[in-house]
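Below, all heavy atoms of this structure are taken into account, side chains as well, without hydrogens, waters or symmetry copies. Chain letters run A, B, ... following the sequence lines, proteins first and then strands; every chain starts at 1.
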Amino acid sequence: MVNEVCLRTLDLDRPWLLEQYQSRGGYEMLTRILKEKTPPEEIIEEVKKSGLRGRGGAGFPTGLKWSFISRNAPGQKYVVCNSDEGEPGTFKDRDILRYNPHQLVEGMIIAGYAIGATQGYNYIRGEFWEPYERFEAALKEAREAGFLGENLLGSGFDFELHVHLGGGAYVCGEETALLESIEGKKGQPRFKPPFPAHFGLYGRPTIINNTESLASIPMILKEGGPWFADIGVKNSGGSKLFSISGNLNNPGVFEVPMGTPFSELLEMAGGVKDGRKLKAVIPGGSSAPVIPGEQMMDLTMDYDTIAGAGSMLGSGAIIVLDDTNCMVKVLERMSYFYHEESCGQCTPCREGTGWLYRVVSRIENGQGRQEDLDLLNDVAARIGGRTICALGDAAAGPVAGMLKHFRDEFQHHIDHKKCLVGAG
Amino acid sequence: MVTIEINGQELKAKAGAMLIEVTDEAGINIPRFCYHKKLSISASCRQCLVEVKNAPKPLPACATPVMEGMKVFTRSPLALAAQKGTMEFLLINHPLDCPICDQGGECELQDVAVSCGSDVSRFVEGKRVVPAKNIGPLIATEMTRCIHCTRCIRFGEEIAGIREMGATGRGEHMVIGTYVEKSIDSELSGNIIDLCPVGALTSKPFRFQARAWELSQVEGVAPHDSVGSNLHLHLRRNKVMRVAPKDNESINECWISDRDRFSYQGLYSDDRLTVPKIKQNGEWQDVTWEVALDMAAASLQEIGEGEQIATLVSPSSTLEELYLAQKVTRGLGSNNIDYRLRQGDFRLDGAEPAFSWLGLKITEIEGLNAALLVGSNTRKEQPILAHNLRKAAVSGAKVHFMNPLQLELNYAAGQQVTTPAGMVQSLAAVAKALGATGEGAAAKVIDEVVVDDDAKAIASALKDADNAAVMLGNIAAAHPDYSILCALASAVANASGATLGFLAEAANSVGARLAGALPHLLPGAKAATEKGLDVMKLQKLPRKGYLLLGAEPGYDFWDAGLTQSALESADLVVALNTHTSPALEAAADIMLPIAAFAETSGTYVNTAGEWQSFRGAVKPPGEARPAWKVLRVLGNLLDQENCEYTSSEQVRDELASLCEGVVPDNSVGKAESADLQSAVDGLIRIGDVPPYALDCLVRRASALQQTKDAAPAAICINADEAKKAGLADCDSAVVTQDGREATLPVSIDVNIPDGCVRISAGLAGTETLGAQFGEVTLEKA
């Protein structure tokens, strides 16, 4: 039951080539839709049935998102793919771009067909040079084969796809900041509402989905929504790419059904490095609150279960920490990241993330004070829920989680001016 | 309308309005920094967070639309906690250098800190320091104080129309500033001083001059353009310390131009005239008012013949001054009074609209769907009107300009750039495209012109628009064929259904017409039975005696050289001036020091025909006196009747009664002759008046004089014409006009059309040259 959807061509030689993709039935779905002139409503209905939820981290039902667009509204509409993949710990979309770019291209064309858009943009993370080149090459192949451009396969439907390489800002993974960035502006999230479905790229109706979500579309339509839904569990349909990293023997990307036990994934990743003890897991990218290792071993990887444990599945980026990791150091590193990546627009995030980092850093460096622990919680609480986008929440989330589960390590740093963990 | 409840109080509100608009209206205070009623919503400062029932999180009042039944709490524990949280964040990196900050006492951050701040900071780390930037002579920066509200950035994008300020860097490292050390050059730039809620952007000339609580505030009216922007003058110990806008939605909203904001510096220049002076044996002597006025009256009477006396008045003078000036002049038996010092053509006199005006209200400009501006650099001439025009253009109006130079515009518009003679042809072509035949002067030109595609496009834009206007600006008024431009513009307006408008040049150009400061019009814009001579004839046929009011020879006249020779040949020149200058001292025999802007009470009539009276805010320096008083005493000494005024209000009321029933009207009659006066051969001078060369006050405003718009006089010419003349950039060249010469540097400028050379008027170095528009020759120096 692995590699059934997005990575299903991984076993082939140079799977990124058009001919290889087509050898596994690639572009058949698109061809059929264009030939049969499948009503777009049917496509959206099928996506709804699949239970596919946004794979970028927020988990919003994809079919529902598409249905918000008034597809008969006059004027240009856009399909945008979010391949910015900036969440620390996440590297799954990179593998889709590298190994199966055509499935994403096909998914985006179908999405365009479904919402009546003739233009698409794929916003690729600035650091992804190789995936960017692979994707551009795939676009060239697709264009030459008549899958992109005007009047696709004689159907009368036009679709063009452009790539926009980001400049390296984490915040541009936020969908409205991403749109601003494509428009050539400073990447700062927009105040919502209006949402992109009504006022998106260049002010036009826009759907914006994660790479993995869009790349799942051809298979959902080929095998049917219920088939996809049944791969996973209730409320978490389909399979999911998990990027599992940290102190492991065999870190990497694994496509497994939703609801797979964490313990199985850990085994696939070769177990904790050098047989050390699992200490904690960050289950959904750096902004997800940490879960202690013992608790994690009993959980399955799906939206509801992880949420029930007080964290979130997010983008499926699992960071594994073992008993050599100092949690103060881990939080310091994460706080530094958010401090550097805040766009600076909203006061609480601009000022608060720097403050959090400085306090955590102080504790890590043996200069912490007793009142700092409450201060950290308080500052985090004053950021969370008070900003335009979720970056503020992302910065605040790990603080609360760390202090809840590993307060003793912070206390030790304050009391003894040194690390509880030997290796530090 | 929806009903909402705020803090238990029921309020009716417009559906879709933002919460903060509703609370502002109701007088309920919600703290804010990024929100400003005239700017787009940013919702980023997070200071205006309030509790809304059933919302999981506190919501920003500036970006939350009201909905039926909404229950809002602006001071609940949740709302206050959110507001206090934001305030703590804002203060952690703010330097709290209030004791040395110019904003202290009028700082929004200080004010909100009182209600939402804590007395002790929990932030013990080092604060952020941002180097100050030099962004020009008008605005001082102290960017460490910046709280990133982005009002200045949005002002540039949305109001000024130039993106001068911007944010670079992310997060805590985000810095507000200009791109690569550029200066702020917008003519409205000073408004960001008012917009900045903290002391990051403050007035550079005002820096460290006074504390806010030492100042008293009085109202005033701006003296430099025909908008009549409402002002707040901030005073300390009989001195104007700075100028700020006073909100008036029907005129200037909450903005003023830089010229209106910083010109007050000219009040305190070293060359203020503070004592009456008479010239004896070529030497200037200080005298008492009695001596000076007796001598002035006696000398004027001595001339005997009324028609040998000419009164030339500045259109920046008050209504009361202008009315008394014409009264004194006419009392001497002369109709020779004129305010049109920079007009180039008087053939329409008698047939021109008596009470010409904008043609519509200032607030109606933004509702235009199409506009044709003839001879107007609106941005520099009437910046607030340009702002309104930009609003129209941004919402889709088709705007076209016809000028002898390419303008730097801050919106998309068509520009036809030709020689002065070409402007007449271009306008005639539009008239012809509209099927107009024109009358008198216009008919012949229209008949002969060939209609091109540009003319057709302009014609159809005007015709197709629901609200269109054709407007004549300062450059048109100075044009040698102004009478024909007026006739053509009128023909275009009539044929297209557009409104004809006159963008009056100075603060009281319209008022001067009502006050009777014209050779052919009496007060109340009534035709004079005996007509005097216009300002041009009064110089070409020199008079024995001249009375000058606020006019500076060499700078304020259409043909500076002609003025100087006329004055030099006169027996008597009595000058009522605020400032002295070498040219004035050379020309005058008696100099009477008068009160300047802010020093006298008076009235201006703006281009929309609105009368605005103001009071004297400070006393004039030394012996200087309000000009209306000086003129009144002069009238008394000349034994003129009914000259016993005790207040300027009395003067105004007398004029107002004469103006009863006089309504604005832009109908243009038939001009004297149809011959084109614009030169068609040779190199034509474009002598526009730069914004900071406009009048004697701005010419002495030191900060404005350091701006980009105050560039020194130069020969601006395009590369082709320069090549023909054998000149290169930065060369020095001799300009010859009407037999007089000036040596000026050459500046290659792509904005100047072929056949033209821009040598702006009103600048040092151009005093000897001739007409603002006329033939010149160039030779390498």
Task: Nearest atoms (heavy-atom pairs only) where A:Pro348 meets B:Phe89 - done: CA-CD1, 3.5 Å
Open item on the list: Tell me whether the count of non-hydrogen atoms from other residues, nucleotides or ligands lying under 6.0 Å of CD in B:Glu68 goes above 12.
Closed with: yes
TODO: Count the heavy atoms of every other residue, nucleotide or ligand shown that sit under 6.0 Å from NZ of B:Lys53, and state whether that count exceeds 12.
DONE: no
- [ ] Go through the atoms of B:Ile92 and report whether side chain, backbone, both or neither lie under 4.5 Å from a heavy atom of chain A.
- [x] side chain
- [ ] Could you tell me which portion of B:Pro60 (side chain, backbone, both or neither) has an atom closer than 4.5 angstrom to a non-hydrogen atom of chain A?
- [x] side chain
TODO: Could you tell me which portion of A:Ala381 (side chain, backbone, both or neither) has an atom closer than 4.5 angstrom to a non-hydrogen atom of chain B?
DONE: neither
Task: Leading residue by heavy atom contact count with chain A [cutoff under 4.5 Å; candidates B:Ala81, B:Pro65, B:Cys45, B:Cys34] - done: B:Cys45
TODO: Between chain A and each of B:Ala167, B:Pro58, B:Gly166, count heavy-atom pairs under 4.5 Å; write down the option with the most.
DONE: B:Ala167
Task: chain B contacts, top residue of A:Ala169, A:Pro189, A:Gly344 (heavy-atom pairs, under 4.5 Å) - done: A:Gly344
Pairs table: donor-acceptor atoms between chain B and chain A closer than 3.5 Å:
unit_1: B:Ser44; atom_1: O; unit_2: A:Thr347; atom_2: N; d: 3.2
unit_1: B:Cys45; atom_1: O; unit_2: A:Thr347; atom_2: OG1; d: 2.8
unit_1: B:Arg46; atom_1: NE; unit_2: A:Arg386; atom_2: O; d: 2.8
unit_1: B:Glu88; atom_1: OE1; unit_2: A:Arg382; atom_2: NH1; d: 2.4
unit_1: B:Asn93; atom_1: ND2; unit_2: A:Glu351; atom_2: OE1; d: 2.7
unit_1: B:Arg122; atom_1: NH1; unit_2: A:Asp378; atom_2: OD2; d: 2.8
unit_1: B:Arg122; atom_1: NH2; unit_2: A:Asp378; atom_2: OD2; d: 2.7
unit_1: B:Glu125; atom_1: OE1; unit_2: A:Arg362; atom_2: NH1; d: 3.3
unit_1: B:Glu125; atom_1: OE2; unit_2: A:Arg362; atom_2: NH1; d: 2.2
unit_1: B:Arg128; atom_1: NH2; unit_2: A:Glu351; atom_2: OE2; d: 3.0
unit_1: B:Ile147; atom_1: O; unit_2: A:Arg350; atom_2: NH2; d: 3.2
unit_1: B:His148; atom_1: ND1; unit_2: A:Arg350; atom_2: NE; d: 3.3
unit_1: B:Gly169; atom_1: O; unit_2: A:Lys186; atom_2: NZ; d: 3.0
unit_1: B:Arg170; atom_1: NE; unit_2: A:Glu340; atom_2: O; d: 3.3
unit_1: B:Arg170; atom_1: NH2; unit_2: A:Glu341; atom_2: OE1; d: 3.3
unit_1: B:Arg170; atom_1: NH2; unit_2: A:Glu341; atom_2: OE2; d: 3.4
unit_1: B:Gly171; atom_1: N; unit_2: A:Ser342; atom_2: O; d: 2.7
unit_1: B:Gly171; atom_1: N; unit_2: A:Cys343; atom_2: O; d: 3.1
unit_1: B:Glu172; atom_1: OE1; unit_2: A:Arg358; atom_2: NH1; d: 3.4
unit_1: B:Glu172; atom_1: OE1; unit_2: A:Arg358; atom_2: NH2; d: 2.8
unit_1: B:Glu172; atom_1: OE2; unit_2: A:Arg358; atom_2: NH1; d: 2.8
unit_1: B:His173; atom_1: NE2; unit_2: A:Glu340; atom_2: OE2; d: 3.3

